[in-house]
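Below is one structure, written out as structure tokens; comments come after it.
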Amino acid sequence: MPRKFEIKVPASSANIGPGYDVMGVSLSLYLKLNVDIDSAYAHPNDTNDTDAVERAKAINADPNNCRLEYTPSSEGYGQVPLSTDSNLITRTALYVLRCHNIRTFPIGTLITIDNPIPLGRGLGSSGAAVVAGVMLGNELGNLNLSKQRMLDFCLMIERHPDNITAAMIGGFCGSFLRDLTPQELERREIPLAEVLPEPSGGENTGVNPPLPPTDIGRHVKYNWNPKIKCISIIPNFELSTADSRSVLPKAYTTGDLVFNLQRLAVLTSAIGLDPPNPDLIYPAMQDRVHQPYRRTLVPGLTDILTSVTPKTNPGLLGICLSGAGPTILALATDNFEDIANELIAVFKKHNISCSWKLLSPAYDGATVENIA
Ligand SMILES: Nc1ncnc2c1ncn2[C@@H]1O[C@H](COP(=O)(O)OP(=O)(O)OP(=O)(O)O)[C@@H](O)[C@H]1O
Ligand SMILES: N[C@@H](CCO)C(=O)O
């Protein structure tokens, strides 16, 4: 049966200052997958229709029966792999399908991806790609997995829960990973290469990958005062999450941990209060667990985090590094353009140029809509 549907997954900003690997907010910037399945695409009747013949060639050349395209305006266009064995979204979908004994996509699958989320900038591009891939596998395999179960699959790939929980569930979320039994832990710590084999080998690969343990992640959704908007200042360079995690220490002092825990406890409620209080939010967004160590990777970060305040810029509530950086997230109720220009000017002093976006929380999280 031919079928068309759209998967939509929001960007996200993780940590929000003190909530390293714990907090995240989804943002109104959406990765979209347009999926069109018709077995007739693989065998066109009209051999004079050059588009149909090209489409069939691409589908039949792919070991997983799929033609994958990005819109030319997409972030990552010409950069991300289009082979379904290598692309993060389709590899993730194949992982989910193979866990359920389905080896490839349905014959004649066309996927067009529109991605406005900049890659490697701290706006959860990989989290959105993983969530989209898990939802794609769920739809293509008619698996009827719940969002809670889909999060387990996401956690086998992106192993911290903050971005993926916000992207899947929507809104302002807190999350943790439950204690796993030694057997479950062994399964979850299987190297990524064994979860997502590359190349996948199409239908000739007979071995199923490891199923995730059940209910790995636990989460809550906090209130977010809708007057609070998210200004994202996006520097023109990429910083991979892996590199940005590699500079963090293995242990912390009690003083630094208590500093973060105190702020985290206040911030989770302060963001829902009305009116939003900058005297509470600005200091509660400070952090001693990741931002101080990432200063070496983001020129100007110390300046940004200290020189632009609610006193210098009315309307501003708080500032932090977005995810692993280098994007800066500023929460504000007013004067968005002035605040953005001020932050861009600080980066400019450090020879970094930036673009900016005014975003809001994406309350619905990831969605699937049937088109036909
Ligand atoms: N839409 C996409 N299609 C294919 N691959 C993607 C897509 N989005 C992200 N990726 C992959 O994820 C990588 C970026 O992931 P990374 O975790 O380093 O940064 P991020 O997710 O943007 O930032 P953060 O996790 O700090 O929010 C890209 O280089 C690319 O390999
Ligand atoms: N909590 C993660 C988010 C980025 O994926 C980090 O800061 O490394």
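Values reported hereafter were calculated over all heavy atoms of this structure, with side chains retained and with hydrogens, waters and symmetry mates removed. In what follows, residues are counted from 1 in the order of the sequence shown. Ligands are counted one by one from 1 in listed order, and the atoms in each one are counted from 1 as well.
Residue Glu238 has no nitrogen or oxygen atom sitting less than 3.5 Å from a nitrogen or oxygen atom of ligand 1, judged on distance alone. In terms of N/O distances under 3.5 Å, ligand 1 is approached by Ser126. At least one N/O-N/O distance between Gly124 and ligand 1 falls below 3.5 Å. The shortest N or O to N or O distance between Asp162 and ligand 2 is under 3.5 Å. On a distance-only criterion, Ala324 and ligand 1 share at least one N/O pair closer than 3.5 Å. Residue Ser125 has at least one N or O atom closer than 3.5 Å to an N or O atom of ligand 1.
Using a non-hydrogen distance threshold of 4.0 Å, Gly76 does not register as a contact of ligand 1. Residue contacts with ligand 2 include Arg245, since one of its heavy atoms falls under 4.0 Å from the ligand. At least one heavy atom of Gly120 sits less than 4.0 Å from an atom of ligand 1. At least one heavy atom of Arg294 sits under 4.0 Å from some atom of ligand 2.
Atoms of ligand 2 found under 4.0 Å from any heavy atom of Asn163, numbered from 1 in the order shown, are 3 (C), 4 (C), 5 (O). Proximity to Ala14 (heavy-atom distance under 4.0 Å) selects the following atoms of ligand 2: 3 (C). Residue-ligand proximity, Ser240 to ligand 1, at heavy-atom distances under 4.0 Å covers atoms 18 (O). For ligand 1, the atoms closer than 4.0 angstrom to any heavy atom of Leu119 are 7 (C), 8 (N), 9 (C), 22 (O). Near Ala129, meaning under 4.0 Å from one of its heavy atoms, ligand 1 places the atoms 7 (C), 8 (N).
Shortest contact from atom 11 (C) of ligand 1 to any protein heavy atom: Leu88 CD2, 3.8 Å. The closest protein non-hydrogen atom to atom 5 (O) of ligand 2 is His160 NE2, 2.8 Å. For atom 23 (O) of ligand 1, the nearest protein heavy atom (residue, atom name, distance) is Gly122 N, 3.3 Å. The protein atom (non-hydrogen) at minimum distance from atom 1 (N) of ligand 1 is Asn115 ND2, 3.6 Å.
Judged purely by atom type and a 3.5 angstrom limit, Lys311 has no side-chain atom pairing as donor or acceptor with the backbone of Val308. Using modelled atom types, one side-chain atom of Asn60 and one backbone atom of Ala42 make a donor-acceptor pair closer than 3.5 Å.
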### Task
Output, in order, the C-alpha distance, side-chain angles, deciding distance and verdict of side chain to side chain contact (heavy atoms under 4.5 Å, CB included) for Ile233 and Thr327.
CA-CA 6 Å; Ile233 311 293; Thr327 291; 5.6 Å; no
### Message
Checking Thr241 against Ser244 for the side-chain hydrogen bond (donor to acceptor under 3.5 Å, both in side chains) test, could you report, in this order, the C-alpha distance in whole Å, the side-chain angles of both residues, the deciding distance, and whether it holds?
### Response
CA-CA 5 Å; Thr241 301; Ser244 190; over 6 Å; no
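Using a cutoff of 4.0 Å between basic side-chain nitrogens and carboxylate oxygens, Asp21 and Arg245 are scored as salt-bridged. Taking 4.0 Å as the cut-off between side-chain N and carboxylate O, Arg178 and Asp215 do not count as a salt-bridged pair. Salt bridge present: Arg67 and Glu69 bring a charged side-chain N and a carboxylate O closer than 4.0 Å. Between Arg3 and Glu139, at least one side-chain N (NZ, or NE/NH1/NH2) sits under 4.0 Å from a carboxylate O, which counts as a salt bridge.
Counting heavy atoms from C-beta outward, Ile89 and Ile113 have side chains that approach closer than 4.5 Å. Counting only heavy atoms from C-beta outward, the side chains of Ile111 and Cys66 approach each other to under 4.5 Å. Leu140 has its side chain within reach of Ile37: a pair of non-hydrogen atoms, C-beta onward, lies under 4.5 Å apart. At least one side-chain heavy atom of Ser322 sits less than 4.5 Å from a side-chain heavy atom of Leu123. In this structure, Ile271 and Tyr222 have side chains that are not in contact, with every pair of non-hydrogen atoms separated by 4.5 Å or more.
For Leu123, every heavy-atom contact with ligand 1 shorter than 4.0 Å involves the backbone, none the side chain. At a heavy-atom cutoff of 4.0 Å, ligand 1 is contacted by the side chain of Tyr70 but not by its backbone. Residue contacts with ligand 2 for Asp21 involve both N, CA, C or O and side-chain atoms from C-beta outward (heavy atoms, distance under 4.0 Å). Residue contacts with ligand 2, taken as heavy atom pairs separated by less than 4.0 Å, do not involve His290 at all. With a heavy-atom cut-off of 4.0 Å, Thr241 touches ligand 1 through backbone and side chain alike.
Donor-acceptor pairing under 3.5 Å is lacking for the side chains of Asn260 and Tyr252.
For atom 25 (O) of ligand 1, the protein comes within 4.0 Å by at least one heavy atom.
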